[in-house]
Every structure is written in structure tokens, then in C-alpha cells.
S.K.: 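Supplied in C-alpha cells, the structure appears directly below.
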Protein chains: 2
Amino acid sequence: MIEQTMPDQADFLAACRDLLGDTYVLTLDADMAPFLTDWRDRFTGKALAVLRPATVEQVAGVLRACAQWQVPVVPQGGNTGLVLGSIPDAAGTAIVLSLARLNSIRALDPVNRTITVDAGCILQTIQEAAAAAGCLFPLSLAAEGSCTIGGNLATNAGGTAVLRYGNTRELCLGLEVVTPQGEIWSGLRGLRKDNTGYDLRDLYIGAEGTLGVITGAVMKLYPQPKACITALAAMPSPAHALRLLSLMQDHCGASLTGFELMSQYCLQLVAQQFPQLPRPFAEAHGQYVLLELSSSQSEAHAVELLEASIGAALEDELIEDAVVASSVAQSEGLWQLREHIPLAQAQAGKNIKHDISLPISRIADFIAVTDVALETAFPGCQLVCFGHLGDGNLHYNVAPPAGMTDRDFLANQDAINRIVHDQVHAFGGSISAEHGIGALKKDDLAHYKSPLELQLMRAVKQALDPQNIMNPGKIL
Amino acid sequence: MIEQTMPDQADFLAACRDLLGDTYVLTLDADMAPFLTDWRDRFTGKALAVLRPATVEQVAGVLRACAQWQVPVVPQGGNTGLVLGSIPDAAGTAIVLSLARLNSIRALDPVNRTITVDAGCILQTIQEAAAAAGCLFPLSLAAEGSCTIGGNLATNAGGTAVLRYGNTRELCLGLEVVTPQGEIWSGLRGLRKDNTGYDLRDLYIGAEGTLGVITGAVMKLYPQPKACITALAAMPSPAHALRLLSLMQDHCGASLTGFELMSQYCLQLVAQQFPQLPRPFAEAHGQYVLLELSSSQSEAHAVELLEASIGAALEDELIEDAVVASSVAQSEGLWQLREHIPLAQAQAGKNIKHDISLPISRIADFIAVTDVALETAFPGCQLVCFGHLGDGNLHYNVAPPAGMTDRDFLANQDAINRIVHDQVHAFGGSISAEHGIGALKKDDLAHYKSPLELQLMRAVKQALDPQNIMNPGKIL
């Protein structure tokens, strides 16, 4: 189908073709399709065009054209977001601005321990470039083979290494951003200390493309650990897991690089759906924690430290049992248990997901109270609770009672979200720990944030994007 | 002297007295004096009054009154800043808003590893409260006995633990801020992950009180290291020191908690002015590095790791000699050498200070080029170069040639600043690494920042403080 465009839109598209060449201005439905549907296949938007610039200057040219013709802009990286932040709405008036062709590694400085990259670089490509230089780029998450660093920055992505290295925000030293007016801000500084005015960098990070387009970044690198070792510990309750976390942090400090909680029901689900995976314990326990230790010294040092810590935890009766991986293969087997939880859930049927965070000290109480609240409202519902306990981040997912159809269950989605998020709010937590707000959680944000905080955010948005053309309808 | 006030000012002061009580509205010169002169005694401003609220609600009331009568507000913590950021200008129309009476520790959560504090808490009080709970609050700097956490946050203070723990920004999880309109934003979250909208927290941090008044904060705590050990290494050049930094980071990872560079001239100055301090080496070397290692395990582990690393550095010919402190007293003696450099400088006469940062990999080249540029322009001038090399932060200070009077020398201050800052700029560095901009470096900021970055900052300022009553004349 050839879209009928208005005269203004035709002028705008002609200007874009002049800027980018015909090949990189997609307007046919078939060409645009991959850019219009979200990763979890829940929504398909419409766009006036998908634009694929190759340089920062082309991005700036596109933004100037968008400002001139008042065309909304939806920046897009790998389109792996989970909150409908990188696809347009159904109006068909916006363009999708794909950053995928800006995919060069601009520089790597092993002494400064920084890598300077285009926003469209795939996360895994950056990890590999760092490793080739003997360094570690620690950001790691499930979508790393297809997500881009620009998307990671725009959403302040978390992942599995936050406990030791922080979120994407903490890994970024400098940014290059194209403003909604089409100007290029070159903030590509590689400095650990810089107190020269307002922190614009952190304002753009996590803004989900609503304040400007991130086109490049300077990211921190770390020394590669010499060894990394994994264990699985079993314990009766989340409260025991919290006490184990304190003990491990006291004993291991920054060597503790992973601390992932999984309930018995999670491992049961994985065992049902993936019977080929290891089953480390003969008996069932209430909760499990996947521990990861890294050493800058040697494997022997990591093993010694891990075994001493586990010994102390057994002595304090914090844990009932533990296995330490004695090979890379065993270690990968343990991580696979953790990584297969979402896959096992998907195979088992529909579920309602929550990406929440809490003060770490409140987690056991939160789980106890919320489990009861859900069981009372929806008797027999199944709670699939796992996550990055060391960061206070839970994936607290709810599956239907045995015998209930997905359709009947999903009809209760709003009520279930409200029960979970009300408890999160009451315990001082966040309704979006690492995924962001996008279009999906916009109403939740408006419900739970204070009017003053929303007003401050709107003032910032109005100041930097007065035409409201940057990813409208996302966050605010 | 009793100030003659305008009718409007009298109404404003009456409103303040209603809010705070007469005792806490200072208008007599003698009462106000301690609040009006900067730490280094370079400038004395004038104020309409010094206000000393005791609660957040009183701060909000004061801000509402200031907004109503359009009275400029200069927030002040411990008044230990180095860039004239916490004192008013000479106009006498502003109030100083002292946060010193907001000095409660509101909560300490050892499991979440957070401490919630009033802005007026003295840094050392927070360190001690953390230690009493078996935790470490790592922010540490020379003024810690009198500076406040609110000032640390407003200036994003650095200090000696940045290499391992980051700047004040990285240590803060949540803020409470009173807006210029007198509303209270309660952002006191204790979460490691929270992706719900714009990062207002980091916007207020480092804004030097120009966007609002920080009244409370949630700060991160860490496990106390079991042991901490210090060494002093000697080497021919800054380039050797940089290679040593890479080696130490590879060997020790996060256990490396201090890496301070000092030139031969620095230690010579300290030896002249403080002959009672230790002289670790019989022979002179070009440069010295103070190394600090912390271990979450034991002193034996720290010693073993440090000695192995120093052995590797000797083998690679990165260092010429080294001493490892064998007692707490010896360790303190080595730190005293470092800490006495500014004192020795002060005793020796005037000097022109620069608080700069650079990409770590450029530091040796920066020093080489800038030393020559200064020697060419001012033959015989003395370069007192030391700093937190692990963070890329140098205190690059210039003292007069032998025989030149302080007065003649200081007449060249602008020319010397320009030479140093031009090189900083050329090497991709920052003209204010950890002290901020205040009133002192405002013109430098305007000179070196891009017009676009300044325009973005002004847009943010205008959005959040449209009346321009928050610390006017600072930063922008």
C-alpha cells in the first residue's frame, strides 16, 4: 500500500530524502514493519516513515526538519525495550529514527579505561571490543546480542552486573546528544571528576528519548577479573537470603559480583519445562540464591574466599545446603537455571510481570505481605518471584491458578498490577526498577509519583523540548 | 551598626521572624560575619540577613517568603567551599540560608546499607554514625570536620576515596529538596534501581544551590574493610606512575582504594616546612605515588596483595623503590606527607591553585606540555603538582620564582590561569574537577563551555527557578 501523504508531509519526506538518500527513508509498510512492533509483540504502531541516518550530522539534519515541520520523533535502537518506549503510537504522524547505522566504535583508551562508541553499537560488540583490549565492559543483560548502547543509555538499563558495577548511568562518563532543535551537544568527556555546571548527562540518561537523541557515549571499562566462580545456596526463606547477602558483602566486599534470588516454584517450573538442565539439590528448599564471586587475583583466591564465606553461612545456619561449581560448564549450568526462568514461564503460559525494586531490608516483608494479598484476591494464583536481590530488584510475576484460562486471568491484569504496585509504593519501592516507563507504565507513573515531581519533570521537558516532538506520549 | 532597611525588606524580615523566631534571623553585622566570608578569606559579601531554620518546613516557609518578596537566597552548609559558592555578593540584598541547624541523622538501615540524613549534618558525624553501625561511609576530604553533607551534595564533592567509591553523586540514592517556590520534593528513596522518569536527583547534585535547597539525603553505606595498608613508591616520571596505576588496577581491582601522585618538589617543600615528618627515601626521585589497598578479608591478605603487586612493578621497572607501612602509625605518616602539601605551600607563600581533571591517559603529556608553557612565560616559577591520579584529578599549583614578591606574582594570576586552563581544555579535561564553579570560576565556565551547553543549562535554570532567586551569580 502506498500511503497518501499530506502536502506538508510530502515536503518533509522530500527533505529527509535529500538528507539521507532514498534508500534510508522507508515509507512502505513492508519495509517499516520490523520497526513498528515491540519486542514482546504486544503492540504495533504506525509511522509516517522510518529514517535511517548514518552520521551524527544526518541525525541533526533530520531533527531540524522535524522541528520545522513539527513531526514527532521516536528514537529507536535495537527495539528490545519492554515498555513500548521505542515504537510510535497509532496516529501515523511520527517518524521512527533508527540509530542502528551509527554503529562505529570511535575509540578505546586502555589507560583511561574508556571506550567511545556510536549510540547504535550493539552491546555485545562493545563487550567484545573491550575484551579484545584486555578490559571488561560490565553491562550485561538478556538482549545484549541485539540491544544498542543508545537504548541502554536512554533507559538506564540494569542487568546482572549492577551489584558490583552499577546501572548504565554509573558506567557512562560522557554523552553526545542531538537536541530537538537539531543542534549537536558534544559532551563526550572521559573524566572521572568534572564539576562544571549542571549534570546534563544524567538528565538525558534514562529520559527514554523524550529530551533529545543520544548519538554517542564515553563508557567506563574495568580490568578483567582473573577468575569468576559460581555457587548455588539453598535456604528456607527470603529473610535468610537477606542475611546471607549481608554476610557475603562483609566477607567478600566488591568481589561479590552476583546475588540472584529464585524461589522453589521458579526452579520447579524450570525443571518441568527444561528437564535436561541440572538439578543441584535432591531435596526441595524454600529459596535459592545464585552467588557469583570474581577475583582480581586468581581462581584459587576466588574459590578459597567463596568456600570460607559459605562455611560461615552454614555455621550461622543462614543456609541449608550449597553447591560450588567446580568447572566453567558447571558454572554455566547454574546460570542457565536462572536464565531459563523467563523462558519456562513463557512456555507454561501467560503471566503478569512486574519489574520492581525495594529497599533491600524490606524485601522479605514485601514478599510476605504481597503474596497474601494476591492469594486473598486471586486464590490459587502462582507467584514466580526471582531477581537481582543484591540490587533490591525483583521480577515478581503472577501466573494463573491451575485450570483458569489465560484470557480469564489476563482480564484481571489491572487489578493485579494495582495490588502489587500499591504494596511496592507502601514499602518505599519503585514500580519500574530497570525497564523504564515508556507508553506502558505512563498511567502508573502519573498515579504513584507526587504531583510536584511530575510538575518538575514537565518543567524540564518543556524547557528542553518546547515543541513536544521528542517521543511524545512516553513517560509523561 | 543597625542597617536601614526598605519597607519591603522590613515586611520580609518580619515574616521571617514569624517563621523562625527572632533568635534565628540574624541582621547585626557581628552576628552575620562568620557567614559572609569564604573559607580561604578572599572575599566578604553582604547580606540582608542570615536565616537559621531548624526544620524542612521552616526552609520551605523561608523560600515562599523569598519568592513573594523576590529576595535572593544563598544556601550555606559548613561554608568550607573553595569557589565562593556559599557566600553572597556585595549587594546586600540576598539572605544567607544556613542549613546548619538541620543536623539530625534521620535513619540508618544496615541491611539496605543506607543512611538518611539532614543536609546540615557534618560529614564526620555521618562517618562516625556509619562506623558505629559497622559500616563505612566512604566520602572523605580535608574539611570533613566542618563541611556538611548538603554542601558536599551541592558541589558533588570528591576527596580521597573516589577511585573506589565515586564522587558524592555516586554515593547518593535519594534527595529531599525545597524548590524556589517553597515546595518540598520528597525524593528520599533508598533504591539501587529506579527508572521512573527524569533523574531530578542528579540535577540538584552539583547545582551549587542554584536550582533549589537540598534539605535531606539518603546516602549509600559500604561494608567496613577488614584492613587497610599503605605504601609509598618512587619512580622517575608521571608516565611511570600511569603505568603503575594500570598494573595496580589489574592486580588489585577494587582493593586499590588510593593512588595519589606527588612530585619531588612537593615532598621537598613538605620536608622544608615540616622537618619532623618522615622522609621515607634517602635518595630523591622524580615522582612518588602513595598507594592504599583495602581488603574485605584480612590484613595478611592486604599485605600479600600489595607486596606481590609492588614486586611485579619493580620487576617491570615501573618503580625505583618502595616502602610499605608496617604499622598504622607508619601508614598515617605516609598519608601526612600527602596531606601536608597544601599546608607546606601555604607556609611557603602565595600560590595559584588549579583543581583540574584530565583523561588519565593524557596526564603525563599534559604535565610535560604545561610545565614548559609556564616556564617559558614565567621563567623560574615553581610547579607544585600532586593529586588523585587514579581519578585523573590534579592539583596543579604554581608558586612564584625565587625572589619574586607575592604581589608581583599574583598580578599574573589571570595569565597563568589561562595558560593552564587552555592546556586542560586542549587535552579534553575539566577546569573544575571537584571544587565546582561558584562565583570564582563563572567567567572561566563561560569561556570554555560551548554556547550550546551554556544555553541548555540556562534553559534548565529558567525552568526550575524562573525568578532567578536561587544563589544568583553562581555557575551561570
Side-chain angles (χ1 to χ4, degrees), chain A residues 109 111-112 155-156 158 162 167 170 183 185 189-200 202-203 205-207 223 225 242 246 249-254 296-297 305 357 359-361 391-393 428-437 445 449 452-453 456-457 459-460 462-464 475, chain B residues 109 111-112 155-156 158 162 167 170 183 185 189-200 202-203 205-207 223 225 242 246 249-254 296-297 305 357 359-361 391-393 428-437 445 449 452-453 456-457 459-460 462-464 475:
Chain A
D109 182 340
V111 175
N112 197 41
T155 58
N156 185 28
V162 173
N167 298 286
E170 283 84 40
E183 295 187 280
W185 173 51
R189 297 185 271 266
L191 304 172
R192 262 81 184 171
K193 284 183 172 176
D194 179 25
N195 282 344
T196 52
Y198 301 152
D199 182 11
L200 299 173
D202 283 310
L203 197 51
I205 295 175
L242 287 178
S246 285
Q249 289 178 324
D250 282 335
H251 280 240
C252 308
S296 60
Q297 296 178 245
L305 185 56
S357 70
I360 295 168
S361 52
D391 317 322
N393 181 191
S430 166
I431 60 162
S432 185
E434 58 178 8
H435 297 166
I437 299 298
L445 189 82
K449 282 281 180 193
L452 176 60
E453 188 161 346
L456 291 167
M457 289 188 199
V460 169
Q462 169 69 22
L464 298 185
I475 300 185
Chain B
D109 182 340
V111 176
N112 197 41
T155 59
N156 186 28
V162 174
N167 298 287
E170 282 85 37
E183 295 186 280
W185 172 51
R189 297 184 271 266
L191 304 172
R192 263 78 185 173
K193 285 183 170 176
D194 179 24
N195 282 343
T196 52
Y198 302 153
D199 183 11
L200 298 173
D202 283 311
L203 196 52
I205 296 174
L242 287 178
S246 285
Q249 289 178 323
D250 282 336
H251 280 239
C252 307
S296 59
Q297 298 178 243
L305 185 55
S357 70
I360 295 168
S361 50
D391 318 322
N393 182 190
S430 167
I431 60 161
S432 184
E434 56 178 9
H435 297 167
I437 299 299
L445 189 82
K449 281 282 178 193
L452 176 60
E453 189 162 346
L456 291 167
M457 288 187 201
V460 169
Q462 168 69 22
L464 298 184
I475 301 183

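As the structure is a prediction and not an experimental result, all values here were calculated from the model. Every chain is numbered from 1 and lettered A, B, ... according to where its sequence line falls, protein lines coming before strand lines. Every heavy atom of this structure was used, including side-chain atoms; hydrogens, water molecules and symmetry mates were not.
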S.K.: Do A/E453 and B/L200 touch side chain to side chain, with heavy atoms closer than 4.5 Å?
M.R.: yes
S.K.: Applying side-chain hydrogen bond (donor to acceptor under 3.5 Å, both in side chains) between A/N156 and each of B/N195, B/D199, B/D194, report the one that passes.
M.R.: B/N195
S.K.: Sort out for me which of B/D391, B/I475, B/L464 touches chain A most, counting heavy-atom pairs under 4.5 Å.
M.R.: B/D391
S.K.: Answer with side chain, backbone, both or neither: which region of B/D250 has an atom nearer than 4.5 Å to a non-hydrogen atom of chain A?
M.R.: both
S.K.: Quick one: does B/S296's side chain have a donor or acceptor within less than 3.5 Å of a partner on A/H251's backbone?
M.R.: yes
S.K.: Looking at A/V460, A/L305, A/D202, A/V111, which makes the most heavy-atom pairs under 4.5 Å with chain B?
M.R.: A/D202
S.K.: Quick check: closest heavy atoms across B/Q249 and A/P223, and the distance to 0.1 Å?
M.R.: O-CG, 3.5 Å
S.K.: For A/S361 and B/D109: C-alpha separation, side-chain torsions, deciding distance, then whether side chain to side chain donor-acceptor pair (under 3.5 Å) applies.
M.R.: CA-CA 8 Å; A/S361 52; B/D109 182 340; 2.4 Å; yes
S.K.: With chain A as the partner, which of B/G158, B/G253, B/S357 has the greatest number of non-hydrogen pairs under 4.5 Å?
M.R.: B/S357
S.K.: For the residue pair B/L456 and A/Y198, establish whether any side-chain heavy-atom pair is separated by less than 4.5 Å.
M.R.: no
S.K.: For A/L191, which atoms come within 4.5 Å of any heavy atom of chain B: side chain, backbone, both, or neither?
M.R.: side chain
S.K.: What are the two closest non-hydrogen atoms of B/A463 and A/A463, and how far apart are they?
M.R.: CB-CB, 3.5 Å
S.K.: Measure the OG-CZ distance between B/S430 and A/R189 for me, rounded to the nearest 0.5 Å.
M.R.: 7.5 Å
S.K.: Among A/P359, A/G436, A/A254, A/A459, who wins on heavy-atom pairs under 4.5 Å with chain B?
M.R.: A/P359
S.K.: Quick check on B/Q462 against chain A: is it the side chain, the backbone, both or neither that has a heavy atom closer than 4.5 Å?
M.R.: neither
S.K.: Taking side chain as everything from C-beta outward and backbone as N, CA, C, O, which of these in B/I437 sits under 4.5 Å from a heavy atom of chain A? Side chain, backbone, both or neither.
M.R.: both
S.K.: Considering only heavy atoms and a distance below 4.5 Å, find which of B/G392, B/P225, B/G197, B/G190 pairs most often with chain A.
M.R.: B/G197
S.K.: Is the shortest distance from a Lys or Arg side-chain nitrogen in A/E170 or B/K193 to a carboxylate oxygen in the other one below 4.0 Å?
M.R.: no
S.K.: State, with a plain yes or no, whether a side-chain heavy atom of B/T196 is found less than 4.5 Å away from one of A/I431.
M.R.: yes
